[in-house]
Amino acid sequence: MAEYHPQDLDKKWQQHWADTQAFEVTEDHAKPKFYCLEMFAYPSGHAHVGHVRNYIIGDVVSRLKRLQGFNVLHPFGWDAFGLPAENAAIKNGIHPETSTLGNIAHMKGQLQRLGISYAWGRELATCLPNYYRWNQWLFTRMFEKGLAYRRRSTVNWCPSCHTVLANEQVVDGACWRCGTQVTQKDLEQWFFKITHYADDLLHAAEGLSKWPEKVLTMQRNWIGRSEGAKVRFAIQGDDASIEVFTTRIDTIYGATFMMLAPEHALVTSFAKESQDEKAFMEKVQRFRSQDRSGRLTGEVEKEGFFTGRFVINPFTNQPMPIWVANYVLAEYGTGAVMGVAAHDDRDREFATKYDLPIVPVINDDEVLIESGLYTGMPAAEAIKAITEEAEERGIGEGTVQFRLKDWGISRQRYWGTPIPMIHCPVDGVVPVPDYQLPVTLPMITEFTGRGDSPLASVPEFVNVKCPKCGGPARRETDTMDTFVDSSWYFYRFADAHNDQMPFDPKKVAYWCPVDFYSGGVEHAILHLIYSRFFARVFHDLGMIDHVEPFTHLLTQGMVLKDGAVMSKSKGNVVDPDSMIQKYGSDALRLYVMFVAPPEKEVEWSDSGLEGSFRFLARVWRGADQWREQVLASGAGPIDHASLTAAERGLRRKTHDTIRRVTADIDVRQQMNTAVSAMMELVNELYAFTDRFSAANATEDKRSAQAPKVAREAIETLIVMLSPFAPHTMEELWQMYGHADGLAGASWPAFDAIVAKAEELEIPVQVNGKLRGRVVAAPDIDDQALEALALADPNVQAHTAGKTIRKVVIAKGRLVSVVVA
RNA sequence: GCCGGGGUGGCGAAACUGGCAGACGCACAGGACUUAAAAUCCUGAGACGCGCAAGCGUCGUGCGGGUUCGAUUCCCGCCCCCGGCACCA
């Protein structure tokens with residue numbers, strides 16, 4: 001009897017897959033394609049089981065789809081630029097490229113030891129020029145189209161990382177990566193005009209039916225569309241006016257004061273015209289320096305002061321004092337707000353504090369009062385009517401506001417894609433022409449972490465000729481946000497080695513969109529919204545036909561250890577390699593899939609892993625026990641009609657398991673119940689084996705067809721279990737005489753006739769309580785079933801002496817008797 | 001506050017369209033095998049009560065109500081946990 005030594009099998013079959021290039025694919029129009037992708041990895045050094053769960057999910061889906069006859073693209077790569085490598089270089093002097101490539105090599109080994117079926121031939125790393133040159137290529141296309149532009153702006157600055165952060169990268173006022181409190185800074189920055197697609201990104205989200213509702217909601221909130229109107233209020237004693245954005249123009253008759261954000265452009269001129277400019281600006285400065293996160297979340301108390309100036313309410317013609325208020329946000333709307341104390345909680349709080357007039361203009365029935373011509377009009381109608389009047393009078397117009405901001409991509413760091421732009425004193429900002437791409441990162445040997453862009457200190461890099469006039473010019477020294485890299489890598493996988501273009505549109509047309517994408521929910525807004533944006537850019541460049549890059553999205557849950565997320569600093573990391581050493585990679589893969597549905601968080605359990613190992617060993621023994629008889633009995637078809645009852649029972653279980661497992665993995669992505677179903681089949685196989693080999697067996701023991709029925713069960717199991725435990729199953733498949741490996745196998749076909757139950761046990765309820773069970777043929781007619789149910793002794797005990805009011809029959813499921 | 005997801009044995013979970021609640025596994029207990037142990041194989045198990053026993057009964061899916069022959073599932077109200085968003089005018 002062969003012993004189960006999973007570590008040997010891991011080695012043997014991983015070598016086999018590498019030697020046969022088993023997972024490399026090319027476009028094949030004769031086959032349906034399937035593009036299965038897991039979010040690529042930041043090469044931090046070591047993958048723990050939390051990371052690895054995601055790759056196993058994708059691998060199970062990939063291997064299933066291959067068995068189902070799909071041409072499966074399942075690639076992997078590295079999100080290899082980024083701050084940790086650069087920070088490490090500052091600390092220990094190792095060049096980011098050296099550490100990054102070393103980390104990649106180690107993590108790749110970890111994934112290979114897990115037997116993940118990647119097409120390694122398409123592996124990419126974003127830190128290599130053959131990848132990032134296409135970031136640069138795309139940047140210049142976006143510049144030409146006006147989708148990349150430059151402006152001076154107040155930006156989020158992380159004092160620890162020495163870089164700018166996009167709003168999305170600021171979490172609770174702190175840097176998303178290092179947790180340092182973010183400050184504000186004024187810098188010239190490059191932006192991507194994602195707001196150009198704001199409406200489309202929002203509306204198209206409705207069509208993403210195979211995305212988790214949670215992610216779509218988060219994206220909708222992030223885009224934050226709101227319909228309203230802009231209205232201009234004339235400043236008293238001045239030609240200028242102040243424009244506000246409001247969603248409630250119907251409350252304008254109740255607007256009794258005006259508020260400006262401390263950053264509003266008019267604030268400084270009002271200060272100059274005030275009696276005490278210095279005192280005025282001191283108050284403004286205090287507001288501006290108030291903790292940004294506090295201002296954003298409302299933790300800072302509402303404060304303000306009167307500027308001494310007034311605007312005229314264009315509807316009431318009453319003067320409204322202009323205040324500076326710390327809770328008005330400069331970056332949303334126009335940075336100015338009309339104060340309606342009666343109908344806005346914040347304004348009421350402010351007005352009460354400073355004794356400003358509170359004038360109700362809408363009653364409890366949502367009808368306008370004290371609103372001139374509009375008195376008596378329902379609020380919803382009034383919004384339209386008043387907007388129209390504002391438009392006619394030329395003092396305002398209906399408009400749509402988004403919370404989504406353009407994406408600031410400039411980073412003052414070394415380890416990123418150089419922005420391919422040249423500043424010429426004659427020609428201004430000039431893109432680097434395509435033939436000069438890539439603009440490669442110069443070798444820097446010393447990382448100080450001080451000052452601004454490290455690239456600015458490399459004269460050979462900075463000093464260039466202007467591509468237009470040939471005169472001396474300066475290269476842009478900022479690099480791109482690494483989210484640029486990850487916004488289109490899935491297209492590069494479709495044509496990973498193209499040195500003429502980012503990808504061949506024909507190849508992307510074959511493989512994309514991605515059919516199944518899985519990764520952490522922490523990317524619900526950042527990466528996933530940027531990728532949707534880039535898909536639209538490529539679409540508008542005429543390079544792709546679709547606009548949504550990911551058809552089906554699965555957000556996998558985290559793996560916890562001792563109730564906490566695994567992390568090096570907490571010291572609770574479970575290392576896949578040590579688990580593989582102990583139980584083999586298949587046990588780890590199976591356990592991670594069995595413990596819970598993929599979306600759910602799970603708590604790591606060593607004994608659970610051991611249980612999965614035991615199950616695989618049980619499958620191994622179960623198959624090994626039958627091997628000789630199966631090989632001796634030959635391959636002929638099963639004569640179903642002449643089988644014993646036990647044989648028919650095992651076949652039924654086999655086919656029912658095919659049905660369940662297929663639906664569970666393919667349709668529901670419930671890997672855990674698929675594994676349970678296969679465990680049940682194994683239990684049933686053992687019972688069958690016992691019966692067959694027991695000394696007192698008669699009919700079963702004599703049956704010549706038993707090995708064939710066992711073979712069907714075992715081979716079905718091998719194939720269905722192979723996406724989860726590929727090494728073990730390859731070996732068993734070979735032991736069962738298949739020389740061509742599982743690559744030549746196909747997913748088992750479900751036979752409804754074989755799976756059909758011969759008799760059913762049907763529960764009988766009396767007045768809603770279970771009182772008995774009757775055994776009947778599945779096609780028994782209602783009358784006969786009713787008679788059978790009423791004849792059951794325990795049912796009779798509960799119906800005796802009572803009147804039967806009603807009998808409800810749920811075909812094949814239940815009989816319900818109502819008595820009184 | 002708003003949005004989304006949850007609450008089921010000692011534990012992880014399952015129950016697909018309203019139809020036997022707790023499949024499958026972990027941990028546990030008993031038996032077989034063994035000189036013994038491990039491993040393996042088999043069996044048991046929601047709680048409580050009655051019974052020598054097969055079995056029978058009552059309760060049971062966060063709490064309270066409702067619809068229904070029948071509710072973990074649908075409806076109304078409430079409590080708690082997790083995640084996201086939150087002064088966005």
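These values consider heavy atoms only, across backbone and side chains, with no hydrogens, waters or symmetry-generated copies. Letters go in sequence order (proteins before strands), and every chain restarts at 1.
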- Message: Please compare A:G335 and A:V602 by the position of their nearest nucleotide in RNA chain B and report the one closer to 5'.
- Response: A:V602
- Reckon A:S612 touches a base, only the sugar-phosphate, or nothing at all at heavy-atom distances under 4.0 Å? nothing
- Query: Parallel, tilted or perpendicular: which describes the rings of A:H655 and A:F750, with under 30° parallel and over 60° perpendicular?
  - Reply: tilted
- For atom CZ of A:R621 and atom P of B:rU40, their distance in whole Å: 6 Å
- Examine distances only and state if a side-chain atom of A:R532 and a backbone atom of A:L201 form a donor-acceptor pair shorter than 3.5 Å. yes
- Message: Check this for me: does any side-chain nitrogen of one of A:E349 and A:K353 sit under 4.0 Å from a carboxylate oxygen of the other?
- Response: no
- Closest to the 5' end of RNA chain B, once A:A687 and A:S605 are matched to their nearest nucleotides, is A:S605
- Query: Are any non-hydrogen side-chain atoms of A:L685 and A:K653 less than 4.5 angstrom apart?
  - Reply: no
- Check: A:T307 side chain, A:I322 main-chain N or O, donor-acceptor pair, under 3.5 Å: yes
Atom pairs, protein N/O to nucleotides 2-10 of chain B N/O, distance under 3.5 Å:
none

- Item | Contacts of type side-chain hydrogen bond (donor to acceptor under 3.5 Å, both in side chains), residue A:T195, not counting sequence neighbours | A:D406
- In whole angstrom, give the distance that lies between atom CG of A:D606 and atom P of B:rA27. 11 Å
- Compute whether any side-chain donor of one residue and acceptor of the other, for A:T728 and A:Y4, lie under 3.5 angstrom apart. yes
- Give the rounded distance in Å between these two atoms: NZ of A:K230 and P of B:rA89. 13 Å
- Query: Using a cut-off of 4.0 Å on non-hydrogen atoms, how would the nucleic acid contact of A:N794 be classed: base, sugar-phosphate, or nothing?
  - Reply: sugar-phosphate
- In whole angstroms, the gap separating C1' of B:rC11 from CH2 of A:W604 amounts to 16 Å
- Task: Would you sketch RNA chain B in dot-bracket for me? Only Watson-Crick or G-U wobble pairs with both distances under 3.5 Å count, crossing pairs as [ ], other-strand pairs as |, the rest as dots.
- Result: (((((((..(((......[....))).(((((.......))))).(((((....)))))..(((((..]....))))))))))))....
- Note on the structure: In whole angstroms, the gap separating C1' of B:rC69 from CD of A:E786 amounts to 13 Å
- Task: For A:E3 and B:rA39, give me the distance from atom CD to atom P, rounded to whole Å.
- Result: 15 Å
- Of all heavy-atom pairs between A:I665 and A:A674, which one has the smallest distance, and what is that distance? CG1-CB, 3.9 Å
- Could you tell me whether the side chain of A:V815 reaches within less than 4.5 Å of the side chain of A:E786, counting heavy atoms only? no
- Message: Using a heavy-atom cut-off of 4.0 Å across all strands, would you classify A:G333 as base, sugar-phosphate, or nothing?
- Response: nothing
- Which nucleotide, B:rC85, B:rA13, B:rC41, lies nearest any side-chain atom of A:R403? B:rC85
- Message: Considering every strand and a 4.0 Å limit on heavy-atom distances, what is the contact class for A:R805: base, sugar-phosphate, or nothing?
- Response: nothing
- State whether A:Y327 places a side-chain N or O below 4.0 Å from either non-bridging phosphate oxygen (OP1 or OP2) of B:rA89. no
- Query: Just by distance, with hydrogens left out, do A:Y327 and A:D347 show a side-chain donor and acceptor under 3.5 Å apart?
  - Reply: yes
- Query: Going by a 90° cut-off around 0, is B:rG30 syn or anti?
  - Reply: anti
- Message: In the structure I gave you, are the side-chain heavy atoms of A:Q401 and A:K230 within less than 4.5 Å of one another anywhere?
- Response: yes
- Message: Base, sugar-phosphate or nothing for A:P597? Non-hydrogen atoms, less than 4.0 Å.
- Response: sugar-phosphate
- Message: How many whole angstroms separate atom CD of A:E603 from atom P of B:rC81?
- Response: 20 Å
- Side-chain N,O (A:R618) to OP1/OP2 (B:rC42) below 4.0 Å: yes
- Give the rounded distance in Å between these two atoms: CG of A:L404 and C1' of B:rA86. 17 Å
- Hey, mind stepping through A:M338 and A:V231 against side-chain contact (heavy atoms from CB on, under 4.5 Å) and telling me if it holds? CA-CA 9 Å; A:M338 64 181 198; A:V231 185; 5.9 Å; no
- Query: With a 4.0 Å cut-off on heavy atoms, is A:S607 in touch with a base, just the backbone sugar-phosphate, or nothing at all?
  - Reply: sugar-phosphate
For nucleotides 58-65 of chain B, which of its nitrogen or oxygen atoms have a protein nitrogen or oxygen under 3.5 Å away, and what is each distance?
unit_1, atom_1, unit_2, atom_2, d
B:rU58, OP1, A:R771, NH2, 3.3
B:rU58, OP2, A:R771, NH1, 3.2
B:rC59, OP2, A:K769, NZ, 3.3

- Task: Give A:V337 one of three labels, base, sugar-phosphate or nothing, depending on what nucleic acid heavy atoms sit under 4.0 Å from its own.
- Result: base
- Message: When you compare the side chains of A:R403 and A:N221, does any donor N or O come within less than 3.5 Å of an acceptor on the partner?
- Response: no
- For A:Y354, enumerate each residue passing the ring-ring contact (aromatic ring centres under 6.0 Å, His included) test, keeping only those at least two apart in sequence or located in another chain. A:W323, A:F350
Between the protein and nucleotides 15-24 of chain B, are there any N/O to N/O pairs under 3.5 Å, and if so, what are the atom names and distances?
unit_1, atom_1, unit_2, atom_2, d
B:rA15, OP1, A:R668, NH1, 3.1
B:rA15, OP1, A:R668, NH2, 3.1
B:rA15, OP1, A:Q670, NE2, 3.4
B:rG19, N2, A:Q765, OE1, 3.4
B:rC20, O2, A:R773, NE, 2.8
B:rC20, O2, A:R773, NH2, 2.8
B:rA23, O2', A:E680, OE2, 2.8
B:rA23, N1, A:S676, OG, 3.3

- Query: Which part of the nucleic acid, if any, lies within contact of A:Y686, taking any heavy atom under 4.0 Å across all strands shown: a base, the sugar-phosphate backbone alone, or nothing?
  - Reply: sugar-phosphate
- Task: Look at the rings of A:W604 and A:Y591 and say which category their plane angle falls in: under 30° parallel, 30 to 60° tilted, over 60° perpendicular.
- Result: perpendicular
